[in-house]
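Here it is, the structure in full.
Just so we're clear, the structure is a prediction, and the values are computed from it rather than from any experiment. The analysis underlying the following values was restricted to heavy atoms, covering all of them including side chains, and did not include hydrogens, waters or symmetry mates.
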Amino acid sequence: MDREAQVDQESSSTMANKHYPAQFKAGAVALYRSRPGSTIAVIAADLGVNRETLRSWVRADDQRREGGSGRPAAAAGVKPEPGSVEAENAELRRRVQELEEERDILRKAARSSYYWNHAPR
């Protein structure tokens with residue numbers, strides 16, 4: 001069974017309504033956007049959230065961006081010449097930041113999952 005089929009099967013079960021902090025939502029959207037080859041369903045399963053919940057967060061972020069809240073962060077600075085050491089360093093810095101964000105999101109998701117699984121009922 002491939003990852004997509006597992007995700008579909010896991011997310012078909014009923015889930016309780018949960019409220020997530022704004023920072024977690026923003027981090028989940030950032031994680032989805034940082035992985036162009038991945039699907040919402042896979043990212044949602046990795047984070048332990050319903051795929052439709054993540055989809056609504058992504059749509060809300062799209063609407064916020066289109067609302068004129070500013071241009072993307074990548075367009076804010078001047079790009080160094082391709083192939084230069086500065087360009088490589090800039091790309092490596094972006095990748096490090098992306099990986100740190102992913103790590104932080106997964107840590108928060110793990111803590112949240114632990115809490116939900118071990119909280120007194």
**Request:** List the steps, then state whether salt bridge (charged side-chain N to carboxylate O under 4.0 Å, His left out) holds for D61 with K25.
**Result:** CA-CA 10 Å; D61 186 61; K25 293 176 186 180; over 6 Å; no

**Prompt:** Does atom CD of E52 have more than 12 heavy-atom neighbours from other groups under 6.0 Å away?
**Reply:**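 Result for CD/E52: enclosed.
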
**Request:** Could you pull out the closest heavy-atom pair between V29 and V58, with the gap in Å?
**Result:**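 Scanning both residues, the minimum pair turns out to be CG2-N, 3.9 Å.
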
**Asked** Are E101 and S34 linked by a side-chain donor-acceptor pair shorter than 3.5 Å?
**Response**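 Distance-only check fails for E101 and S34.
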
**Prompt:** Does a salt bridge link K108 with D104, judged by any charged N lying under 4.0 Å from a carboxylate O?
**Reply:**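 No, K108 and D104 are not salt-bridged.
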
**Pairwise distance CD1(I40) to CZ(R59) - rounded to 0.5 angstrom** =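 Reported value, rounded in 0.5 Å steps: 7.5 Å.
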
**Prompt:** Given the side-chain rings of W57 and Y32, with only the six-membered ring counted for Trp, is the space between their centroids under 6.0 Å?
**Reply:**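 No, too far apart.
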
**Item:** Side chain S38, main chain R35, donor-acceptor under 3.5 Å
**Value:**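 Side chain of S38 to backbone of R35, a donor-acceptor pair under 3.5 Å: no, none is there.
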
**Request:** Look up atom CG in L47 and atom CZ in F24, then write down how far apart they are to the nearest 0.5 Å.
**Result:**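 The distance works out to 5.0 Å.
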
**Prompt:** In terms of hydrophobic clustering (I, L, V, M, F, W, Y; side-chain heavy atoms under 4.5 Å; direct or indirect links), are I43 and L106 co-clustered?
**Reply:**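 Hydrophobic grouping puts I43 with L106.
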
**Pairwise distance CG(L31) to CG(L54) - rounded to 0.5 angstrom** =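 Going from CG on L31 over to CG on L54, the span is 8.5 Å.
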
**Request:** Apply the side-chain hydrogen bond (donor to acceptor under 3.5 Å, both in side chains) test between R94 and each candidate in E91, E98, Q97; give the one that qualifies.
**Result:**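 With R94 as partner, side-chain hydrogen bond (donor to acceptor under 3.5 Å, both in side chains) holds for just one option, E91.
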
**Prompt:** Any side-chain heavy atom of L92 sitting closer than 4.5 Å to one from E88?
**Reply:**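 L92 reaches E88 side chain to side chain.
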
**Prompt:** For the atom pair CG (N89) and CD (E86), what is the distance rounded to the nearest 0.5 Å?
**Reply:**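 If we round to the nearest 0.5 Å, N89:CG and E86:CD are 7.0 Å apart.
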
